[in-house]
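In what follows, every heavy atom counts, from backbone to side chain, and hydrogens, waters and symmetry copies are set aside. Each chain gets a letter, A, B and so on, in the order its sequence line appears, and its residues count up from 1.
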Number of protein chains: 2
Amino acid sequence: METKFKPKLDHIKLDYKIWLADINGNGILGDGKWRMLKLIAEKGSLKAACDELGYTYRRTWGNIKKIEDFFGFPLLEKHRGGAEGGSMILTEEGRLLVKAFNKFHSNADAMIQKGFRDFINDISDK
Amino acid sequence: METKFKPKLDHIKLDYKIWLADINGNGILGDGKWRMLKLIAEKGSLKAACDELGYTYRRTWGNIKKIEDFFGFPLLEKHRGGAEGGSMILTEEGRLLVKAFNKFHSNADAMIQKGFRDFINDISDK
DNA sequence: TTGCGTTATGCTGACTCCTGCATATCGGGA
DNA sequence: TCCCGATATGCAGGAGTCAGCATAACGCAA
């Protein structure tokens, strides 16, 4: 089948977001915060993680607070002062959450990418 | 395994969005516009569809224009005037697009919901 | 005890998206 | 010919989000 979509197919990409929300639909943990938690764990520092991802410290700090406020316990152990100025490391719960979201996300990603290829095929020439 | 997440598990829900975007990341067709296209097709009228979903006519009209501007051809056949005031029906291309997105979306939905159940299980008591 | 780098937090102006209002256009039917 | 209801489109005001700036608190090391 010949379709009018053909000329545009190379200019379309797929994008998606998956996140956990509370009962009222307020976002708790999504792709951005998840990536940030992983990078903080890796760097041991919120500031270093923000610098790398290009996010502002102010915004990211607020996002982390939102997650912790929802769950009611900390996901990060924070330290102020000291030779390095301070540091952040994941708590036991933080590690568990990141690990579970890792698995969830990579499964979802593979499935969605396949679905997108099928979709493009469906609106393309057969 | 006993975890601190337990008290919150009933208050978490999963949410997600999947959409097509252009090269620059500008959204073209997503869940909202897709649902709207389906409802317009069903009702035969943009106004009736907006009333049902609670969206403003102004906003929805702008969204439809965005999609059509991107593809470069109409997805809807529009009629002004007449006994009913006017009407909208999907073009051949519109029907194809909605149908392909239907399939894509329902597959993605099933897969993501399963992934979410596994995720909840992963952070729950074992 | 002074300096340094990071965590912690308030505030304001820019930016974006949406709502709501106003108005023009169109064509069948009374 | 005039009315009605839906499509078509501009514009101003509001709400939420984010960037960027400012500042305080903290604790090791020199």
*Establish, with yes or no, whether the OP1 or OP2 oxygen of C:dT6 is under 4.0 angstrom from a side-chain nitrogen or oxygen of A:Arg80.*
no
*Just how far, in rounded Å, is P of D:dA6 from CD1 of B:Ile89?*
17 Å
*Please state whether the phosphate of D:dT7, meaning OP1 or OP2, lies under 4.0 angstrom from any side-chain nitrogen or oxygen of B:Tyr57.*
yes
*Using the ring of each side chain (for Trp, its six-membered ring), is A:Phe101 parallel, tilted or perpendicular to A:His105, with breaks at 30° and 60°?*
tilted
*Please check if the distance between the ring centroids of B:Phe5 and A:Phe71 is under 6.0 Å.*
yes
*Using a strict cut-off of less than 4.0 Å between a Lys/Arg side-chain nitrogen and an Asp/Glu carboxylate oxygen, indicate whether B:Asp118 and A:Lys103 qualify as a salt bridge.*
no
*How many Å lie between NZ on A:Lys66 and P on D:dT17, as a whole number?*
6 Å
*Identify, between B:Gly44 and A:Asn63, the residue whose nearest nucleotide on DNA chain D lies closer to the 5' end.*
B:Gly44
*Between B:Leu90 and B:Arg95, does a side chain to side chain contact (heavy atoms under 4.5 Å, CB included) hold up when you go through it step by step?*
CA-CA 6 Å; B:Leu90 285 177; B:Arg95 282 196 294 278; 3.8 Å; yes
*asked:* Measuring from atom CG of B:Asp51 to atom CG of B:Leu39, what distance do you get when rounded to the nearest 0.5 angstrom?
replied: 10.0 Å
*Are any of B:Ser87's side-chain N or O atoms less than 4.0 Å away from OP1 or OP2 of D:dT7?*
no
*Let me know the distance between NZ of A:Lys65 and C1' of C:dG10, rounded to the nearest Å.*
13 Å
*Figure out the CG/C1' separation between A:Asn26 and D:dG16, and round it to whole Å.*
12 Å
*Measure from NZ on A:Lys43 to P on C:dT6 and round the result to the nearest Å.*
12 Å
*Using heavy atoms to find the nearest nucleotide of DNA chain C for A:Gly82 and A:Lys78 separately, return the residue whose nucleotide is more 5′.*
A:Gly82
*Can you check whether A:Arg58 has a side-chain N or O nearer than 4.0 Å to OP1 or OP2 of D:dG20?*
no
_Touch class at under 4.0 angstrom, heavy-atom based, for A:Gly86 against every strand present_ = sugar-phosphate
*Among the nucleotides C:dT9, D:dA8, D:dA6, which one has an atom lying closest to any side-chain atom of B:Trp61?*
D:dA8
*Could you go step by step and tell me if A:Met36 and A:Tyr55 meet the side chain to side chain contact (heavy atoms under 4.5 Å, CB included) rule?*
CA-CA 9 Å; A:Met36 183 55 70; A:Tyr55 293 164; 3.3 Å; yes
*Identify, between A:Gly85 and A:Tyr55, the residue whose nearest nucleotide on DNA chain D lies closer to the 5' end.*
A:Tyr55
*Does NZ or CZ of A:Lys17 fall inside the cone over B:Tyr16's six-membered ring, less than 6.0 Å from its centre and within 45° of the axis?*
no
*Which angle, to the nearest 10 degrees, lies between the helix axes at the two ends of the helix from C:dT1-D:dA30 to C:dA30-D:dT1, each defined by five pairs?*
10°
*Quick one: which of C:dT6, D:dC18, D:dC28 gets closest to the side chain of A:Ala83?*
D:dC28
*In whole angstroms, how far is the P atom of C:dC17 from the NZ atom of B:Lys33?*
10 Å
*Please determine if a side-chain N or O atom of B:Thr56 lies less than 4.0 Å away from the OP1 or OP2 oxygen of C:dT19.*
yes
